[in-house]
J.: 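So that we are looking at the same thing, I have put the structure below in structure tokens.
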Amino acid sequence: MSIIERIPGETDFDYHKRLVYGKLVDKTLADVDYTELSELVYGQPYSSDVARRMMYGSRRTLDLIGSEAVKVISNNDGGSSLIDNINEKLDEYKRERQKFFDQRREYNKLVSSDGRKEHLYDKLIEAARNLNNTIGLVYDDYNTHRKESNTDQDNEAVLVLSDWHYGMTTNNVFNKYNTKICQERVKEITDSAVDRIVRNKCRKLHIVVLGDLIHGAIHVSARVASEELVCDQLMQVSEILAQTIQYISAAVDETYVYVTYGNHARTIANKQDSIHRDNMERIIPWWLEQRFSGVNNIFIVPESESEFLFINASGHDILAAHGDLDGIKTSPRLLSTLFQKKYNKNVEYIVLGDKHHRESFEELGVTSTICGSLCGTDDYANGKRLFSAPSQLLLIVNQEAGVDAEYHLKCKNT
């Protein structure tokens with residue numbers, strides 16, 4: 001039964017009142033057009049503007065009838081108990097009405113969420129099918145640096161990749177950046193990393209992805225400065241990352257990949273309304289698992305219950321996160337204590353991203369480091385005259401020294 005149909009046993013007066021109040025008072029009929037209601041309320045259709053004025057008049061009349069009835073009842077014997085009973089029924093009606101509004105709001109949110117998910121899946125599938133045309137092969141030769149096994153070596157490498165902001169475009173006094181330059185910088189960083197990994201005779205490689213690989217669309221400025229649609233950004237950068245992992249893995253015996261998410265790919269633009277884990281970048285590790293399902297020396301580490309990543313390199317615990325929720329000067333004491341108590345992890349080194357510049361801080365023997373960004377100075381930073389050279393981070397770790405070397409892999413600042 002439609003909400004505007006007469007309820008069995010409902011009088012003409014009650015039906016008339018329910019339609020008028022539903023449109024103007026409790027808003028249960030807010031979505032029904034005045035013209036459609038006028039035929040039910042007044043027996044014939046009127047234009048929307050005329051019907052609206054008539055219904056406001058009817059509401060005033062109904063309010064007066066109600067108030068006069070209350071006065072009559074109040075002057076009669078036993079009126080006060082009857083009024084109390086009416087007020088009780090009114091309170092019950094208000095509670096039920098609020099419950100109805102809450103249920104309708106939650107239902108609308110559910111429908112809207114399901115619609116967004118279906119649209120997202122369709123767009124991701126479309127973007128994935130177009131990868132051959134949009135990305136193709138990033139590297140010319142994937143085996144030029146293949147080496148003999150280093151099973152007798154203790155060194156392990158930790159390559160930190162953060163804040164690529166693929167899809168962002170900028171051209172300012174400090175920096176020029178677009179999707180083509182992003183690929184060029186990724187190749188440049190990768191070649192620099194391979195050179196140092198081979199030079200240090202590393203047996204094992206840990207690739208740590210700190211998020212914000214795509215620019216997203218959470219701000220108006222991000223949407224204006226984006227070269228590709230968000231789904232295209234996500235699938236294209238996932239493929240660039242996959243080819244980079246394949247290319248660099250030839251330099252070592254084993255490669256382990258850890259992926260967390262940033263804040264630019266959250267599904268809800270409003271930060272206050274968003275859930276931190278509701279993030280499109282969580283698709284990236286799934287894509288990598290599919291890409292490397294038959295490869296024996298590349299391992300995609302399963303996603304943790306939180307945004308934190310744990311890396312054990314040569315027996316030393318390293319903690320990593322995107323960094324939007326963490327401060328460089330608070331994280332050594334706070335995070336090392338927290339994860340010691342909760343997970344029995346002896347964290348010695350913390351790696352963060354998000355801030356787009358390099359910085360280090362040490363407290364209680366725990367070093368916290370912010371990794372540079374690949375994208376470099378964007379329009380926001382340029383407006384505040386902030387500059388940091390585009391770079392990524394490579395750590396060489398061994399059992400005796402822990403983090404034995406830090407390489408800040410710099411790019412040409414195009």
Side-chain angles (χ1 to χ4, degrees), residues 116 119-138 161-172 174-190 209-245 259-269 271 274 278-288 291 322-324 353-356 371-383 388 390-392 411-414:
R116 282 198 302 269
H119 180 69
L120 173 60
Y121 294 154
D122 290 342
K123 288 298 182 182
L124 287 173
I125 292 170
E126 181 182 343
R129 287 172 176 167
N130 290 331
L131 285 177
N132 281 338
N133 298 324
T134 56
I135 298 300
L137 291 177
V138 178
L161 305 175
S162 179
D163 296 280
W164 289 8
H165 286 270
Y166 182 84
M168 184 188 88
T169 59
T170 189
N171 190 358
N172 57 65
F174 296 121
N175 183 38
K176 180 179 180 181
Y177 192 72
N178 52 45
T179 55
K180 182 179 178 181
I181 292 174
C182 176
Q183 287 195 50
E184 293 172 354
R185 289 183 182 177
V186 170
K187 292 170 67 175
E188 187 179 356
I189 287 292
T190 303
V209 182
L210 295 186
D212 274 0
L213 292 191
I214 67 171
H215 196 44
I218 60 170
H219 305 303
V220 173
S221 59
R223 293 192 287 272
V224 171
S226 291
E227 189 176 6
E228 301 285 348
L229 298 175
V230 174
C231 289
D232 292 326
Q233 292 178 23
L234 184 63
M235 296 313 301
Q236 290 173 22
V237 84
S238 297
E239 180 60 19
I240 293 171
L241 177 63
Q243 293 192 36
T244 298
I245 293 168
V259 182
T260 189
Y261 52 89
N263 58 316
H264 267 251
R266 61 176 182 256
T267 58
I268 305 296
K271 184 177 180 181
S274 67
D278 191 8
N279 193 294
M280 290 174 62
E281 283 189 313
R282 294 180 64 198
I283 293 173
I284 294 177
W286 171 83
W287 177 260
L288 297 177
R291 288 283 275 102
H322 178 62
D324 57 320
D354 184 62
K355 305 302 187 290
H356 291 209
C371 175
S373 69
L374 189 75
C375 63
T377 303
D378 58 11
D379 291 338
Y380 170 81
N382 177 54
S388 182
S391 67
Q392 303 284 261
C411 307
K412 294 176 183 176
N413 196 34
T414 307

J.: Minimum heavy-atom separation for G372 and Q392, please, with both atom names.
T.: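 In terms of heavy atoms, the two residues are closest at O-NE2, 3.0 Å.
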J.: Would you say that I284 contacts Y261 through its side chain, given a criterion of any heavy-atom pair below 4.5 Å between the two side chains?
T.: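 Contact flag for I284/Y261 side chains = no.
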J.: So which heavy atom on T377 is nearest to which on N172, and how close?
T.: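 The answer is O-ND2, 3.3 Å.
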J.: Rounded to the nearest 0.5 Å, what separation is found between the NE2 atom of H356 and the CG atom of L374?
T.: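 H356 NE2 to L374 CG: 10.5 Å, rounded to 0.5 Å.
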J.: With heavy-atom distances below 4.5 Å as the criterion, would you say the side chains of N175 and T170 are in contact?
T.: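 Yes, their side chains come closer than 4.5 Å.
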J.: Any non-hydrogen side-chain atom of K187 less than 4.5 Å from a side-chain atom of T244?
T.: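 In short, these two side chains do not touch, never coming nearer than 4.5 Å.
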J.: Can you tell me how far apart SG (C411) and CD (E188) are? Round to the nearest 0.5 Å.
T.: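 Interatomic distance, C411 SG to E188 CD, rounded to 0.5 Å: 5.0 Å.
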J.: Is W164 close to R185 at the side-chain level, that is, under 4.5 Å between some pair of heavy atoms?
T.: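 When only atoms from C-beta onward are counted, W164 and R185 do not touch, as no gap falls below 4.5 Å.
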J.: Looking at every heavy atom in both L210 and G353, which two are closest together, and how far apart are they?
T.: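 So the minimum-distance heavy-atom pair works out to CD1-N, 3.7 Å.
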J.: For K176 and I181, indicate whether the former's side chain and the latter's backbone hold a donor-acceptor pair under 3.5 Å.
T.: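 Checked: no pair found.
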J.: Between Y166 and Q233, which heavy-atom pair has the shortest distance, and what is it?
T.: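 In terms of heavy atoms, the two residues are closest at O-OE1, 3.2 Å.
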J.: Can you tell me how far the CD atom of E239 sits from the CZ atom of R291, to the nearest 0.5 Å?
T.: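 That separation rounds to 4.0 Å.
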J.: State, yes or no, whether a side-chain contact exists between D212 and D324 at a heavy-atom distance under 4.5 Å.
T.: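 No; the side chains remain at least 4.5 Å from each other.
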J.: Looking only at heavy atoms, which two atoms of E281 and L213 are closest? And how far apart?
T.: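 Heavy-atom minimum between the residues: OE2-N, 2.6 Å.
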J.: Roughly how far, to the nearest 0.5 Å, is the CD1 atom of I240 from the OG1 atom of T190?
T.: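 Taking OG1 in T190 and CD1 in I240, the distance rounds to 10.5 Å.
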J.: Supply the atom-to-atom distance L161 CG to C371 SG, rounded to the nearest 0.5 angstrom.
T.: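 Reported to 0.5 Å precision, the distance equals 7.5 Å.
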J.: Report the distance from atom CG of N178 to atom CE of M168, rounding to the nearest 0.5 Å.
T.: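 Going from CG on N178 over to CE on M168, the span is 9.5 Å.
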J.: Minimum heavy-atom separation for H215 and H165, please, with both atom names.
T.: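 Scanning both residues completely, I find the closest heavy atoms to be ND1-ND1, 3.1 Å.
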